[in-house]
Q: 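Here you go, one structure.
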Amino acid sequence: MQKEYRTIKEVVGPLMLVENVENVKYNELVEIEQSNGEIRRGKVLEINRDRALVQLFEASQGLKISSAKARFLGKSIELKVSPDMLGRVFDGMGNPKDGGPDIIPEKSMDINGSPINPAARDYPDEFIQTGVSAIDGLNTLVRGQKLPVFSVSGLPHANLAAQIARQAKVLGGDSKFAVVFAAIGITYEEADFFVSDFRRTGAIDRTVLFMNLANDPAIERISTPRMALSAAEYLAFDLGMHVLVIMTDITNYAEAMREVSAARKEVPGRRGYPGYLYTDLASIYERAGKIRGKEGSITQIPILTMPEDDKTHPIPDLTGYITEGQIILSRELYKKGFNPPIDVLPSLSRLKDKGIGKGKTREDHADTMNQLFAAYARGKEAKELSAILGDAALSDTDKKYAKFAEEFERRYISQGFDCNRSIEETLTIGWELLSILPKSELKRIKDEYIEKYLPVRER
């Protein structure tokens, strides 16, 4: 039986101080029982000799410390897991919120996970098809990778997240594929959009959803991604599934960390965020990967909105250091009506060359990808020159590049949120666009691929 303490001395915001405690550990769960029987929960944030600083999961309003008693439960936050989680909706603390029954667990997992031994990691090298050309064709996602989406306020990153969750799959074989979707600090309308979209399309049958709303406590915001990753680790490494984890919005998670750090009176780092933001984000992102000898894998797509559209803000800046690239959404493309508004030139997937080519996508993928990048960059330069000096300043070749850039944005990037393209369709559209240019300009593609794939009319 747990020992009860009636030595609660102070409550400040979400923090509570308990004195004269014994054998209490960091991260340990705490129950606070009031005289009327109401129970609130929290966890140990800090221990100093016989004093424990506890962070409350719920609000502290109405908590009478004179009559309340604290119980330390001797364990950290755990998630009860089972194959029945698929198709269910949970809150940020792992409680069902879809009106269904409680999960009958096969096991309980510490939500902080355990680090993957670097020597046991397998190198990511298998293509994941998202159905989005700007990702599959140019910034390819590989199984076991962590590839964040950098967005800005007002852009439809929620629609892109839902589209990827619906469409993503591993090609070849009968691989078991699942999606774990963590919504962090979102509005009720956004939560309703995700749940109804997954139910409408049937994607919910292979999805586990964790929903943390903007009015939920900050501590729940901090636990939500860890709940999701614990569910993913169970599905991947216990059940042998390929799991795609989509988390939106990591910025809300970091804001909750800053709120708790300020309440603890810690010395702030850049822009007021705690100095350990880098290591904390790494503890989330590094839970992606493949393990040698195990069939399953975890691939991550964290989505974050860049405050003030600033790529150098601490959250996207540190995320870029830890992850393997980034997909960047463009306000300019969105204003033109192009969706999804993915800006392919500053976007990058550092592992894309590992997941493409013969036997994975198609033999011509790498060459056409390089040629499309080069042609689009030159086409944008030609359009900028035309805007300053007029069309007369452009050579005939430059005019073709400018036309290519316009068609590339309209046909390749802008496919809408309901269009699911196979990698063959994406590559075919790429070749059709390259046929706008003179054959002599296709210097990055082998002649044998030009003969095989370039539309006949241009040869």
Side-chain angles (χ1 to χ4, degrees), residues 123-143 145 147 164 167-175 325 327 338 340 342-345 347-382 395-416 419-459:
Y123 202 87
D125 63 354
E126 292 169 72
F127 171 66
I128 290 182
Q129 180 176 289
T130 65
V132 179
S133 290
I135 297 175
D136 293 348
L138 301 175
N139 296 289
T140 313
L141 178 66
V142 179
R143 189 162 73 87
Q145 184 179 6
L147 184 64
I164 294 171
Q167 298 177 177
K169 64 179 180 180
V170 175
L171 298 182
D174 53 352
S175 305
I327 303 294
F338 297 147
I342 296 173
D343 193 350
V344 296
L345 293 180
S347 297
L348 169 70
S349 169
R350 293 192 182 99
L351 298 179
K352 64 188 173 190
D353 57 324
K354 309 298 180 193
I356 64 175
K358 194 170 183 178
K360 294 176 181 176
T361 53
R362 207 169 72 184
E363 56 187 353
D364 59 313
H365 191 159
D367 285 8
T368 53
M369 174 180 71
N370 293 336
Q371 190 67 64
L372 287 167
F373 269 126
Y376 182 49
R378 184 165 167 188
K380 286 190 78 172
E381 286 175 8
S395 67
D396 289 343
T397 304
D398 283 340
K399 286 175 184 173
K400 287 186 176 178
Y401 273 109
K403 183 187 176 189
F404 171 89
E406 287 176 7
E407 289 296 306
F408 180 80
E409 290 175 353
R410 188 178 64 81
R411 291 187 55 201
Y412 196 95
I413 294 174
S414 183
Q415 66 180 76
C419 175
N420 185 2
R421 289 180 183 162
S422 69
I423 186 61
E424 286 78 15
E425 288 176 82
T426 292
L427 292 169
T428 299
I429 293 168
W431 277 107
E432 288 172 0
L433 290 166
L434 290 173
S435 72
I436 294 170
L437 304 173
K439 187 177 171 184
S440 58
E441 292 295 312
L442 306 183
K443 296 168 184 169
R444 296 170 185 268
I445 305 178
K446 291 178 184 170
D447 289 341
E448 61 189 276
Y449 299 153
I450 292 174
E451 292 303 316
K452 187 173 180 181
Y453 295 109
L454 190 68
V456 176
R457 65 181 184 275
E458 290 300 319
R459 290 187 192 164

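Residues take their numbers from the sequence shown, with the count starting at 1. No experiment lies behind these values; they were computed from the predicted model shown.
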Q: Which residue in the set L433, L138, V344 passes side-chain contact (heavy atoms from CB on, under 4.5 Å) when paired with Y376?
A: V344
Q: Check step by step if side chain to side chain contact (heavy atoms under 4.5 Å, CB included) holds for L345 and K380.
A: CA-CA 10 Å; L345 293 180; K380 286 190 78 172; 3.8 Å; yes
Q: Got a sec, which residues hit salt bridge (Lys or Arg N to Asp or Glu O under 4.0 Å) with R350, two or more places apart in sequence or on another chain?
A: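 So R350 forms no salt bridge (Lys or Arg N to Asp or Glu O under 4.0 Å) with any residue.
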Q: For the residue pair I342 and S347, what are the closest heavy atoms and their distance?
A: CG2-OG, 4.2 Å
Q: Do Q167 side-chain atoms and T130 backbone N/O form a donor-acceptor pair below 3.5 Å?
A: yes
Q: For T361 and G355, which heavy atoms make the closest approach, and how far apart are they?
A: CG2-O, 3.9 Å
Q: Which residues pass the salt bridge (Lys or Arg N to Asp or Glu O under 4.0 Å) test with D125, not counting sequence neighbours?
A: K290
Q: Could you list the residues that satisfy ring-ring contact (aromatic ring centres under 6.0 Å, His included) with F404, not counting sequence neighbours?
A: F408
Q: What I want to find out is whether R411 reaches E432 closely enough, with some N-O distance under 4.0 Å, to be called a salt bridge.
A: yes
Q: Roughly how far apart are Q415 CD and T426 OG1, rounded to 0.5 Å?
A: 6.5 Å
Q: Are R362 and Y453 in a cation-pi contact, defined as NZ or CZ under 6.0 Å from the six-membered ring centre and within 45° of the axis?
A: yes
Q: Keeping the roles fixed (side chain from D136, backbone from I423), state whether a donor-acceptor pair exists under 3.5 Å.
A: no
Q: Mind checking salt bridge (Lys or Arg N to Asp or Glu O under 4.0 Å) for E363 and listing every partner two or more places apart, or none if nothing turns up?
A: K452
Q: In chain order, what residues pass the salt bridge (Lys or Arg N to Asp or Glu O under 4.0 Å) check against R421, with sequence neighbours excluded?
A: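 Testing R421 for salt bridge (Lys or Arg N to Asp or Glu O under 4.0 Å), a comparison that skips the adjacent residues, returns none.
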Q: Listed by chain and number, what are the side chain to side chain donor-acceptor pair (under 3.5 Å) partners of E406, not counting sequence neighbours?
A: none
Q: For a side chain to side chain contact (heavy atoms under 4.5 Å, CB included) check, start with the C-alpha distance between D364 and L427, then their side-chain angles and the critical distance, and finish with the verdict.
A: CA-CA 8 Å; D364 59 313; L427 292 169; 4.3 Å; yes
Q: Should the pair K439-E451 be classified as a salt bridge under the 4.0 Å nitrogen-to-oxygen rule?
A: yes
Q: Looking at P438, is its backbone amide N or carbonyl O close enough to the side chain of E441 to form a donor-acceptor pair, meaning the two atoms are under 3.5 Å apart?
A: no
Q: What's the separation between atom CG in L372 and atom CD1 in I429, rounded to the nearest 0.5 Å?
A: 11.0 Å
Q: Does the pair E381/R378 count as a salt bridge with the N-to-O cut at 4.0 Å?
A: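 R378 and E381: not salt-bridged.
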Q: How many angstroms lie between NZ in K403 and CG in L437, if you round to the nearest 0.5 Å?
A: 10.0 Å
Q: Checking the side chain of K352 only, and the main-chain atoms of A366 only, is there a donor and an acceptor separated by less than 3.5 Å?
A: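 Answer holds: no.
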Q: Would the distance check show the side chain of Q371 and the main-chain N or O of K443 forming a donor-acceptor pair, the cut-off being under 3.5 Å?
A: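 Side chain of Q371 to backbone of K443, a donor-acceptor pair under 3.5 Å: yes, one is there.
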Q: Verify whether one side chain among S349 and Q145 offers a donor that lies under 3.5 Å from an acceptor in the other.
A: yes
